[in-house]
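First comes the structure, then the notes that go with it.
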Amino acid sequence: MAARPGGRIVLVGTPIGNLGDLSPRAAAVLAEADLICCEDTRRTRQLLTACGVAAGGRLVAMHAHNERQAAQRAVDAAAAGQVVAVVTDAGMPGVSDPGEAVVQAAVGRGVEVDVVPGPAAAVTALVASGLPTARWAFEGFLPRSGADRARRLGALAVDDRTTVLYEAPHRVARTLADLAAACGAERPVAAARELTKLHQQLWRGTLGAAVAWVAAEAPRGEWVLVVGPAPPPPPAGPDEVVAALEQAAAAGVDRRAAVATVAAALGAPRREVYTASLALTWRRPGP
C-alpha cells in the first residue's frame, strides 16, 4: 500500500552534551511530531522538558535490543500519514546508534526520510583535534576482541587518512595501548571526552604518551579518539626499483610504460627509474 501524503520519518540531531546546542528547527519538529522514537525515553523526556516541549504519550523506545521491531512500527506510522521523529541519547541517529534500520525500512516502503542536522561527536572532535581533516574515516567502536579487532587495527595502522573512533571509559586505556602497538607510539592522536559539557577535555599528543596520560587520569565519560594518518612509506631503494623494472621487462612491458608504472607504485622519482631502466634489456615492440 502506498504511503499517505504528509507522513515521513525525520532523523533529528540532538545535543551531545550542552542542551543549548539543540536547534530551533529540531525543537519545532519534536514539538509537532506524532511519534518520537528514542533510545532512552527518560533522557528524551528530560530533553523535551528542557526545551519546553510536552512529551505526552508520544515516546517510543528504540534501542539496540528492539531496533528492528521499533523501526517497523515507526515506518508503519509514517506510511499512515504521521510524522515520526527519531532521536538518540546524543548526536545523530544512525551513527553508532539506532537509526539505520529505520531509514532502510522507510526507503523500502517508499516513505519519505528527512534529516534535521545536529551535533556529532565524531566531527566535533575531528575539527578540534588539529589533525588533517581533508580525508578522514569513521571507525565507530572497534570490535572488543579476537581476529576482527586485530584486522581493524592492522588496517588502521596503514591508513593514510585521519581516523575517528568512539570508546567507552572502561575500555579506552586498552584501546589506546592496542593502537600504540599497531600504529607505533609516535603516531599523533587527540583524545576527547565529555565534549560540549562542563568538564570537556581534549588532549593532544602521541599514542605512547596518551597511554600514560589515561593511566594517570580517571577515564570517565564517553571518549572520541582521533588518530593521525599513517606516515608515507620510505622511498624505495635502488634494488627495489631494479627488481620492479626487471619484473616488468620479463612480462613484456615496454620501457616507457614500465618506468611510469614503477615510479608510481614505488613513489620513486621518474628520472631515477628511467636511469635505472637504461641498464636493462628491453624486448623490442612487435610489428
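All figures in this text were calculated on a predicted structure; none of them were measured in a lab.
Ion pairing between Arg73 and Asp76 fails under the 4.0 Å rule for side-chain N and carboxylate O. The existence of a salt bridge linking Arg43 and Asp97 is excluded, since no basic side-chain nitrogen approaches an acidic carboxylate oxygen closer than 4.0 Å.
Between Arg220 and His199, every side-chain heavy-atom pair lies at or beyond the 4.5 Å cut-off. Counting only heavy atoms from C-beta outward, the side chains of Asn18 and Gln200 never approach each other to under 4.5 Å. No side-chain heavy atom of Leu131 sits less than 4.5 Å from a side-chain heavy atom of Arg204.
Using the six-membered ring where Trp is involved, Trp213 and Trp203 have ring planes that are parallel, under 30° apart on the 30 and 60° scheme.
Taken from CD in Glu39 to CG in Asp89, the straight-line distance is 4.0 Å, to the nearest 0.5 Å.
A donor-acceptor pair is defined here as one N or O able to donate and one able to accept, closer than 3.5 Å; such a pair exists between the side chain of Asp34 and the backbone of Val83. Under the 3.5 Å distance criterion, the side-chain polar atoms of Arg58 are matched with a main-chain donor or acceptor of Leu30. No donor-acceptor distance shorter than 3.5 angstrom exists from the side chain of Ser96 to the backbone of Gly140, with no hydrogens or angles considered.
No hydrogens or angles considered: nothing links the side chains of Arg256 and Ser277 as a donor-acceptor pair under 3.5 Å.
Residue Arg149 qualifies as enclosed at atom CZ: its count of foreign heavy atoms under 6.0 Å is above 12.
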